[in-house]
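Here is the structure we will look at.
As the structure is a prediction and not an experimental result, all values here were calculated from the model. Values below: all heavy atoms of this structure, side chains included; hydrogens, waters and symmetry mates excluded.
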Amino acid sequence: QVQLVESGGGLVQPGGSLRLSCAASGSIFSINRMAWYRQAPGKERELVASITGGSNTNYVDSVKGRFTISRDNAKNTVYLQMNSLKPEDTAVYFCNADGFRRSFAPFEHWGQGTQVTVSS
């Protein structure tokens, strides 16, 4: 089984920073793409940022220049550094990863989500 465990959410004032972490564990052979999504109340889940195994990154326009996604392959962990946070960044943030298990069966998993609230 593969598990994704997120941490780092919380309450922060506008203009502040937070760093989210997501650690993958279990029967993992390799991880391809890792990504962060978010879902605000009453809205659809949207892709925030993604990073491939080769460290190619992609961001939604609304976070470009403020958020940075990175990964530590040795730890099977992906990070999202969020700076200059705005109230509209308030959402539940979900980690997503896909790859192959040690059995070479493919997997795609989601984390449980972590709340980020930007408010004064």
Side-chain angles (χ1 to χ4, degrees):
Q1 189 62 283
V2 175
Q3 291 183 323
L4 300 180
V5 178
E6 299 135 336
S7 61
L11 173 64
V12 64
Q13 293 186 342
S17 297
L18 282 174
R19 188 192 194 209
L20 305 182
S21 300
C22 172
S25 63
S27 180
I28 297 171
F29 175 74
S30 65
I31 299 178
N32 298 328
R33 175 180 173 273
M34 304 186 83
W36 288 96
Y37 290 74
R38 66 186 179 187
Q39 187 166 19
K43 295 188 177 181
E44 294 186 354
R45 189 173 298 189
E46 67 168 349
L47 175 64
V48 177
S50 64
I51 184 166
T52 67
S55 296
N56 293 315
T57 59
N58 182 55
Y59 298 91
V60 67
D61 285 347
S62 59
V63 307
K64 286 180 180 177
R66 300 188 298 122
F67 291 10
T68 302
I69 189 170
S70 61
R71 63 190 284 173
D72 183 335
N73 291 327
K75 296 181 180 180
N76 286 338
T77 298
V78 63
Y79 306 97
L80 186 67
Q81 178 66 44
M82 305 185 294
N83 299 329
S84 302
L85 281 160
K86 304 175 181 180
E88 51 263 43
D89 295 318
T90 295
V92 178
Y93 284 70
F94 297 90
C95 174
N96 176 271
D98 65 72
F100 293 92
R101 296 183 175 89
R102 292 197 188 105
S103 65
F104 302 115
F107 74 84
E108 181 185 359
H109 276 277
W110 291 88
Q112 79 284 359
T114 185
Q115 177 70 46
V116 171
T117 302
V118 184
S119 174
S120 55

For T90 and R38, run side chain to side chain contact (heavy atoms under 4.5 Å, CB included): C-alpha distance rounded to whole Å, both residues' side-chain angles, the deciding distance at 0.1 Å, then the answer. CA-CA 9 Å; T90 295; R38 66 186 179 187; over 6 Å; no
Minimum heavy-atom distance between [X] and [Y], given as atom pair plus value:
{"X": "K75", "Y": "T77", "result": "O-OG1, 2.9 Å"}
{"X": "A49", "Y": "Y59", "result": "CB-CD2, 3.6 Å"}
{"X": "V78", "Y": "C95", "result": "CG1-SG, 3.8 Å"}
{"X": "R71", "Y": "I51", "result": "NH1-O, 3.4 Å"}
{"X": "L4", "Y": "A24", "result": "CD2-CB, 3.3 Å"}
{"X": "S50", "Y": "A35", "result": "CB-CB, 3.8 Å"}

Could you state whether [X] and [Y] fall into the same hydrophobic cluster, counting links through intermediate Ile, Leu, Val, Met, Phe, Trp or Tyr residues with side-chain heavy atoms under 4.5 angstrom apart?
{"X": "I69", "Y": "L18", "result": "yes"}
{"X": "V48", "Y": "V12", "result": "yes"}
{"X": "V116", "Y": "M34", "result": "yes"}
{"X": "L80", "Y": "V63", "result": "yes"}
{"X": "W110", "Y": "V60", "result": "no"}

Could you measure the distance from the [atom1] atom of [X] to the [atom2] atom of [Y]? Nearest 0.5 Å is fine.
{"X": "S27", "Y": "Q1", "atom1": "OG", "atom2": "CD", "result": "9.5 Å"}
{"X": "L47", "Y": "W36", "atom1": "CG", "atom2": "CH2", "result": "12.5 Å"}
{"X": "D72", "Y": "Y79", "atom1": "CG", "atom2": "OH", "result": "5.0 Å"}
{"X": "K64", "Y": "N58", "atom1": "NZ", "atom2": "CG", "result": "7.0 Å"}
{"X": "S30", "Y": "R102", "atom1": "OG", "atom2": "CZ", "result": "11.5 Å"}
{"X": "I31", "Y": "R33", "atom1": "CD1", "atom2": "CZ", "result": "13.0 Å"}

More than 12 non-hydrogen atoms from neighbouring residues, nucleotides or ligands closer than 6.0 Å to CD on E108, yes or no?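 Above 12, so yes.
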CD/E44: more than 12 non-hydrogen atoms of other groups inside 6.0 Å: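 No - once you tally the heavy atoms of other residues, nucleotides and ligands closer than 6.0 Å, there are 12 at most.
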Are V2 and R101 side-chain neighbours, meaning at least one heavy-atom pair lies under 4.5 Å?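 Sidechains of R101 and V2: in contact.
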Once the angle between the rings of Y93 and F67 is folded into 0 to 90°, is it parallel (under 30°), tilted (30 to 60°) or perpendicular (over 60°)?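 Correct class here is tilted.
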Could you walk me through whether S119 and L11 pass the side chain to side chain contact (heavy atoms under 4.5 Å, CB included) test, one step at a time? CA-CA 7 Å; S119 174; L11 173 64; 4.2 Å; yes
Begin with the C-alpha distance, continue with both residues' side-chain angles, and end with the deciding distance and a verdict on side chain to side chain contact (heavy atoms under 4.5 Å, CB included) for F107 and N32. CA-CA 10 Å; F107 74 84; N32 298 328; over 6 Å; no
Whether D89 and K86 form a salt bridge (side-chain N of Lys/Arg under 4.0 Å from carboxylate O of Asp/Glu) is what I want to check.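 Salt bridge absent between K86 and D89.
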Test side chain to side chain contact (heavy atoms under 4.5 Å, CB included) on Q112 and E6; report intermediate values, then the result. CA-CA 7 Å; Q112 79 284 359; E6 299 135 336; 3.2 Å; yes
